[in-house]
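This report refers to the structure that appears directly beneath it.
Lettering follows sequence order; numbering is per chain, from 1.
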Protein chains: 2
Amino acid sequence: MLDGKWTTLIVRELLTGPKRFGELRDALGTVSPKTLTDRLRSLEHQGILTRTVYAEVPPRVVYELTEQGATLTTVLHAMLEWGERHPQP
Amino acid sequence: MLDGKWTTLIVRELLTGPKRFGELRDALGTVSPKTLTDRLRSLEHQGILTRTVYAEVPPRVVYELTEQGATLTTVLHAMLEWGERHPQP
DNA sequence: CAGCATCCTAATAGATACTG
DNA sequence: CAGTATCTATTAGGATGCTG
């Protein structure tokens, strides 16, 4: 479910609260809009996050973890700890 | 580091002790020998497991987690718990 | 037994340009 | 702003046959 280069990182960003498309793109650094859209759609279809469109000008789209998505915190936290204890050379 | 369809499953199998190539292949079900080899080599190069060849006839090759690999238990355990709490429909 | 060699497909991801 | 469209590159994975 967390497969792919970006999926885990996207979930991590959303753990600290809802984010807009542009915020996610900036936080992830070098992800292309296509890839970000692909991954967000996949997570949405799996029920991990929701996509909310605000019909404004300019448009605003907010991504937010579902209850189920939020429960991934424990997994992400275990990964964080492992990464801190085993830094890459 | 755990990227790919099989990597996490391979590590999981090795958490319960060293395994031979054939044991891993059988435990994983439908993995092709090429893919299994690829993933094992990748994990070996990352220092997660060791590959030991016994020069016998027939040959025997044993894969075993390193100390570093064994510390992945906490991550795998968090994943296991999540999976049990969120079964797929 | 534990693979290696070779060829193939599918999916992820990136680059770039364009749009409601 | 938040995408979409199109194209290309890379990689994971599979199928099949062969071998030390």
Checklist line | Integer-rounded Å distance: D/dG13 C1' and B/L9 CG | finding: 14 Å
Checklist line | Stretch residues 17-35 of chain A: residues that reach within less than 4.0 Å of DNA chain D through a heavy atom | finding: A/R20, A/F21, A/G22, A/P33, A/K34
Margin query: In the structure I gave you, are the side-chain heavy atoms of B/L40 and B/F21 within less than 4.5 Å of one another anywhere?
Written below: yes
Checklist line | Close residues, residues 38-52 of chain A, relative to DNA chain D [heavy-atom separation under 4.0 Å] | finding: A/R41, A/R51
Item checked: Whole-Å gap separating P (D/dA9) and NZ (A/K5) -> 17 Å
Check: Any side-chain N or O of B/W6 less than 4.0 Å from the OP1 or OP2 oxygen of D/dT11?
Finding: no
Check: Looking at A/T71, A/I48, A/L72, which one forms a side chain to side chain contact (heavy atoms under 4.5 Å, CB included) with B/H86?
Finding: A/T71
Next item on the list: Return the minimal non-hydrogen interatomic distance between B/R39 and B/D3, and the atom names on each side.
Entry: NH1-O, 3.9 Å
Margin query: Quick check for you: to the nearest 0.5 Å, what is the distance between A/R41 atom CZ and A/T37 atom OG1?
Written below: 6.0 Å
Note to self: Would the distance check show the side chain of B/T74 and the main-chain N or O of A/A78 forming a donor-acceptor pair, the cut-off being under 3.5 Å?
What the structure shows: no
Next item on the list: Answer with base, sugar-phosphate or nothing: what part of the nucleic acid does B/Y54 contact at a heavy-atom distance below 4.0 Å?
Entry: nothing
Check: Just how far, in rounded Å, is P of C/dA2 from OH of B/Y63?
Finding: 9 Å
Margin query: Tell me the closest heavy-atom pair linking A/V11 and A/L2, and the distance in Å.
Written below: CG2-CD2, 4.2 Å
Check: Between atom OH of A/Y63 and atom CD of A/E23, what is the distance when rounded to the nearest 0.5 Å?
Finding: 12.0 Å
Note to self: Nearest whole Å is fine: how far is C/dA13 C1' from B/D3 CG?
What the structure shows: 12 Å
Notebook entry, point to check: Which pair of heavy atoms, one from A/A27 and one from A/E13, lies closest together, and at what distance?
Noted result: CB-OE1, 3.5 Å
